[in-house]
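In what follows, a single structure is set out as structure tokens and then discussed.
Atoms within each ligand, like the ligands themselves, are counted from 1 in listed order. Both backbone and side-chain heavy atoms feed into the values below; hydrogens, waters and symmetry mates do not.
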Amino acid sequence: MSDKKTTEVEKTGLSRRGFLGATAVTGATLAGATALGSSVMTRESWAAAVKDSQNKVHVGPGELDEYYGFWSGGHSGEVRVLGIPSMRELMRIPVFNTCSATGWGLTNESREVLGDSAKFLNGDSHHPHISMTDGKYDGKYLFINDKANSRVARIRLDIMKCDKITTIPNVQAIHGLRLQKVPHTKYVFCNAEFIIPHPNDGKTDFANWDKSNKYTMYNAVDAETMEVAWQVIVDGNLDNTDACYTGKYAAATCYNSEAATDLAGMMRNERDWVTVFNIPRIEEEIKKGNFITLGDSKVPVVDGRKKDGKNSRVTRYIPTPKNPHGLNTSPDGKYFIANGKLSPTCTIIAIDRLDDLFNDKLKDERDVVVGEPELGLGPLHTTFDGRGNAYTTLFIDSQVVKWNIEEAVQAYNGKKVNYIKQKLDVHYQPGHNHASLTESREADGKWLVVLSKFSKDRFLPVGPLHAENDQLIDISGDVMKLVHDGPTFAEPHDCIMARRDQIKTKKVWDRDDPFFATTRAMAKKDGIDLEKDNKVIREGKKVRVYMTSYAPSYGMTEFTVNQGDEVTVIITNLDIIEDVSHGFCMVNHGVSMEISPQQTASVTFIADKPGIHWYYCNWFCHALHMEMVGRMYVKPAK
Ligand code: CUK
Ligand code: CUA
Ligand code: CA
């Protein structure tokens with residue numbers, strides 16, 4: 001281990017004395033901490049500083065965290081809510097997965113949100129982002145991509161439930177996702193990663209790939225309606241994306257400029273690029289009618305490809321070292337930063353030069369690049385503290401490197417300056433990292449979360465499949481201090497942290513909440529008062545069972561249907577007390593759902609087995625929770 005550190009110190013040019021002072025401390029959590037060249041710390045002062053930081057993480061019983069953290073669940077398909085700095089998991093929000101507890105994917109309300117895609121039981125959520133007004137989190141929505149089934153979802157943060165899911169047409173694998181920051185989140189920008197033939201109707205087979213009309217698209221979803229507003233055809237593919245603080249530009253990394261189908265092909269070019277999108281010009285083109293539509297889709301599609309070496313009006317392609325990955329906007333609004341991945345560098349793009357780039361006033365696309373610091377091996381993602389420093393994950397080195405952006409720009413101009421401030425070992429192989437409030441103007445430089453892909457030896461062994469390790473680092477001082485290891489299940493790719501005052505949640509449901517508007521309308525048609533009636537409505541083989549719940553009993557404890565009926569159970573929870581949620585589980589029918597205070601929820605199933613079937617409340621609600629039961633009698637068909 002110490003060999004590795006020595007090499008690292010030599011590489012970064014950090015002072016040997018500083019390094020010794022930092023790492024002479026024992027204890028696994030401090031391993032690999034290298035101090036600043038400028039402020040040499042003694043062993044004692046470093047230990048005291050770390051102890052101090054670790055104390056901050058302790059959120060005592062009954063105390064509340066300072067920040068909300070929203071974690072993507074990767075191929076678990078969900079979103080998780082954590083408290084920071086305790087790293088305690090507070091809630092899970094099912095989105096692209098099914099949830100046995102809440103009935104997500106089972107209830108009629110959730111299936112309405114899932115729409116046609118309800119047939120899919122899996123998802124792959126990577127990038128959770130909070131809606132913004134004037135470059136600050138407004139706490140209204142959280143948006144997240146689904147790479148697995150090419151979807152974008154919206155979560156209402158007042159109830160922490162997903163309320164809209166949109167499938168993006170004519171593309172495969174929605175990956176990078178970020179939001180328009182200014183003047184407000186009108187658009188959700190999202191990258192379709194994989195290049196496909198158009199039309200993809202089976203006429204192009206593997207042998208005809210090269211000759212086909214193949215491309216992928218950059219997509220904008222209207223944040224309010226959740227309809228796809230427009231798509232832009234690009235050269236190459238699209239990986240990660242971010243938007244600027246003027247509302248004018250968005251940028252995306254491309255690792256497959258080769259449009260290759262295999263690994264060797266995707267690494268053939270020495271350089272790939274960052275694609276920059278001019279949002280007002282895209283809107284102009286659509287207004288002027290300069291767009292096409294594809295297949296059944298009515299979404300306007302603008303061509304952003306180069307033709308005969310000439311740029312389109314709406315895009316520019318900035319060459320970067322090969323196969324870049326993360327794309328991050330600095331919170332001062334000055335730079336897009338592309339992370340090198342296969343190159344040990346990050347590429348700094350000056351946003352204030354983009355007007356000139358689009359007006360063809362620059363000789364070369366690379367004239368917008370104002371820095372390209374060498375950081376270490378495998379830079380994947382960068383985050384910011386609002387004090388001029390950037391923090392980049394180094395996947396191969398298993399480190400986070402802290403560097404100063406303006407100094408990296410000066411170094412690019414030939415000035416001798418060491419822009420690297422510190423390298424900290426993380427455990428192990430980090431993907432994203434994310435600092436508190438970093439995607440907003442209010443980046444406050446307090447906490448840094450590093451989402452490590454491997455945990456190896458950090459936790460009790462649990463078999464061949466390991467937990468990930470989400471590590472918490474205190475960045476409020478001059479040096480980064482690792483303070484917490486957080487095991488997580490597969491697999492957070494990204495997270496976002498907001499101050500707790502920025503998120504305002506409801507404690508009980510509003511009776512007129514749009515989440516169950518369709519169910520309310522159905523009840524109205526049936527002449528049912530949801531808050532009073534306990535009644536069975538029969539319409540041929542369709543049976544609707546309306547009941548209330550009030551701890552510890554259902555408003556209806558017995559109902560009768562015929563074998564083969566399609567039964568819909570609609571329950572309205574009359575409890576008004578915070579936290580008194582009920583459930584409904586029909587035994588042996590695969591039916592389960594949550595009904596929180598003042599909520600109406602419904603679930604539909606086929607009564608295919610004759611006999612008496614118990615149903616029960618599965619959310620512990622009362623001392624007599626076990627007794628909160630009822631029975632369905634299914635009359636045999638013959
Ligand atoms: S990606 Cu997974 S570590 Cu989907 Cu943002 Cu980079
Ligand atoms: Cu109602 Cu448990
Ligand atoms: Ca490439």
Practice prompt. Measure K453 to ligand 1 on non-hydrogen atoms and call it side chain, backbone, both or neither using the 4.0 Å cut-off.
Written response: side chain

Worksheet item: Hey, which atoms in ligand 1 end up nearer than 4.0 Å to a heavy atom of G431?
Response: 3 (S)

Discussion item. Looking at K453 and E491, is any side-chain nitrogen of the basic one under 4.0 Å from a carboxylate oxygen of the acidic one?
Written reply: yes

Discussion item. Measuring from non-hydrogen atoms of D494 to any atom of ligand 1, is the shortest distance under 4.0 Å?
Written reply: no

Worksheet item: Near atom 5 (Cu) of ligand 1, is there an N/O/S atom from H325 that is less than 2.8 Å away?
Response: no

Discussion item. Checking a contact table here: which protein heavy atom is nearest atom 2 (Cu) of ligand 1, and how many Å away?
Written reply: H493 ND1, 2.1 Å

Worksheet item: Would M628 count as a contact for atom 1 (Cu) of ligand 2, in the sense that one of its N, O or S atoms lies under 2.8 Å from it?
Response: yes

Worksheet item: Do the ring centers of H625 and F620 come within less than 6.0 Å of each other?
Response: yes

Discussion item. Just checking: H582, one of its N/O/S atoms, less than 2.8 Å away from atom 1 (Cu) of ligand 2, yes or no?
Written reply: yes

Discussion item. Could you check whether K306 makes a cation-pi contact with Y317, meaning its NZ or CZ is under 6.0 Å from the centre of the six-membered ring and within 45° of the ring axis?
Written reply: no

Practice prompt. State whether C621 contributes an N/O/S atom found under 2.8 Å from atom 1 (Cu) of ligand 2.
Written response: yes

Item to complete: Give, for atom CD1 of I571 and atom OH of Y554, the distance between the pair rounded to the nearest 0.5 Å.
Response: 5.0 Å

Worksheet item: Does one side chain, of H432 or H493, offer a donor that lies under 3.5 Å from an acceptor on the other?
Response: no

Worksheet item: What part of L380, side chain, backbone, both or neither, has a heavy atom within less than 4.0 angstrom of ligand 1?
Response: neither

Fill in: Charged tip of R178 within 45° of F189 ring normal and under 6.0 Å
no

Discussion item. So if I count the atoms of ligand 1 from 1 in the order they appear, which ones are less than 4.0 Å from some heavy atom of H175?
Written reply: 1 (S), 4 (Cu)

Fill in: Shortest-distance N/O/S atom, H127 versus atom 5 (Cu) of ligand 1
NE2

Worksheet item: With a cut-off of 2.8 Å, does H381 place any N/O/S atom under that distance from atom 6 (Cu) of ligand 1?
Response: yes

Practice prompt. Run the salt-bridge test on E468 and R458 with the 4.0 Å N-O cut-off and return the result as yes or no.
Written response: no

Worksheet item: Quick check, are the ring centers of H198 and Y215 under 6.0 angstrom apart?
Response: yes

